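Counting starts at 1 for both ligands and their atoms, in listed order. It should be emphasised that the depicted structure is a prediction, and the values quoted were computed from it without experimental measurement.
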Amino acid sequence: MITIKSEREIGIMKEAGRITALAHKAVKEAIRPGVSTKELDKIAYDVITSHGAIPSFLNYHGYPASICASINEVVIHGIPSEDIILKDGDIISIDIGACYKGYHGDCAKTHLVGSVNEERRQLVKVTQQSLFEGLKYARPNNRLSDISHAIEKYVKSYGYSVVQSFTGHGIGNKMHEDPSIPNFGEPGRGPILKKGMTLAIEPMVNIGTHKVRVLEDDWTVITQDRKESAHYEHTIVITDDGYEILTKFEGEEFNV
Ligand code: MF3
Ligand code: CO
């Protein structure tokens, strides 16, 4: 069941989204060669908790950290570790969730570490833009898969693939709610979008095959061909005539 949020709930989700975005900003500022993903996790934890929120991911189905930090061929759910150190030329996808007064914000983006080659920079840029291509269809009376289709079409126009075995999702007082939001498919299918729906839309884009596998830690998802992957996610609310992003922060635009 897809829930419609009240103005009161949307107000709380805006605050959850703002805190999520603040954590992203702090992590982004710390990203450089030599830093460990564990250090980035601590930065996010501190920002989230100091604003009276709880990291949504921590202990979620046993997940042991506040962020996912997924480097190069890691698609999603990379577990932060003091042994994983960023290197010049890496791309790193950071995914953060914060729960404020019982409501969640969820947001991911891929960052460049030092000087990054053109192929990786283009992947990151296309992944980011694919979300916004999808969001062009985020308005009342459109169908959910209009968003999915626009994402896939844009990604494929660059010869990249979209991950199929993980999707975006509704979000609210649970991190994962209905509907599931694939990043591919025919347009004109699925539920009709309505004002007050809150959705986390999150394309995961691979340079090579769309196929992925999960490592023995039962979390880390990597590409089957070990080529790079990028991830971009925002939490949005459907408004009267479009959508509003709840997890945006000033200065988040990339220079890729
Ligand atoms: N942001 C992820 C999602 O949208 C959640 C991370 S999974 C966790 O599904 F287990 F690490 F929390
Ligand atoms: Co999500």
Between Tyr60 and His104, is the gap from one ring center to the other below 6.0 Å?
no
Any donor-acceptor N or O pair under 3.5 Å, side chains Glu9, Tyr103:
yes
For residues Thr223 and Ser229, is any side-chain donor paired with an opposing acceptor at under 3.5 Å?
no
Classify the ring geometry between His234 and Tyr232 as parallel (under 30°), tilted (30 to 60°) or perpendicular (over 60°).
perpendicular
Can you check the number of protein N/O/S atoms within less than 2.8 Å of the Co ion (ligand 2)?
4
Does Lys42 come within less than 4.0 Å of Glu39, counting only side-chain N to carboxylate O?
no
Less than 6.0 Å separating the ring centroids of His149 and Tyr137?
no
Picking from Lys28, His24, Lys109, what satisfies side chain to side chain contact (heavy atoms under 4.5 Å, CB included) with Ile94?
His24
Restricting to side chain to side chain donor-acceptor pair (under 3.5 Å), what partner residues turn up for Lys136, sequence neighbours left out?
Glu133
Under the side-chain contact (heavy atoms from CB on, under 4.5 Å) test, residues paired with Asn59 that sit two or more places apart:
none
Write down, by chain and number, every protein residue that brings a non-hydrogen atom to less than 4.0 Å from an atom of ligand 1.
Phe57, Tyr60, Tyr63, Cys68, His77, Asp95, Asp106, His169, Met175, His176, Glu202, Trp219, Glu233
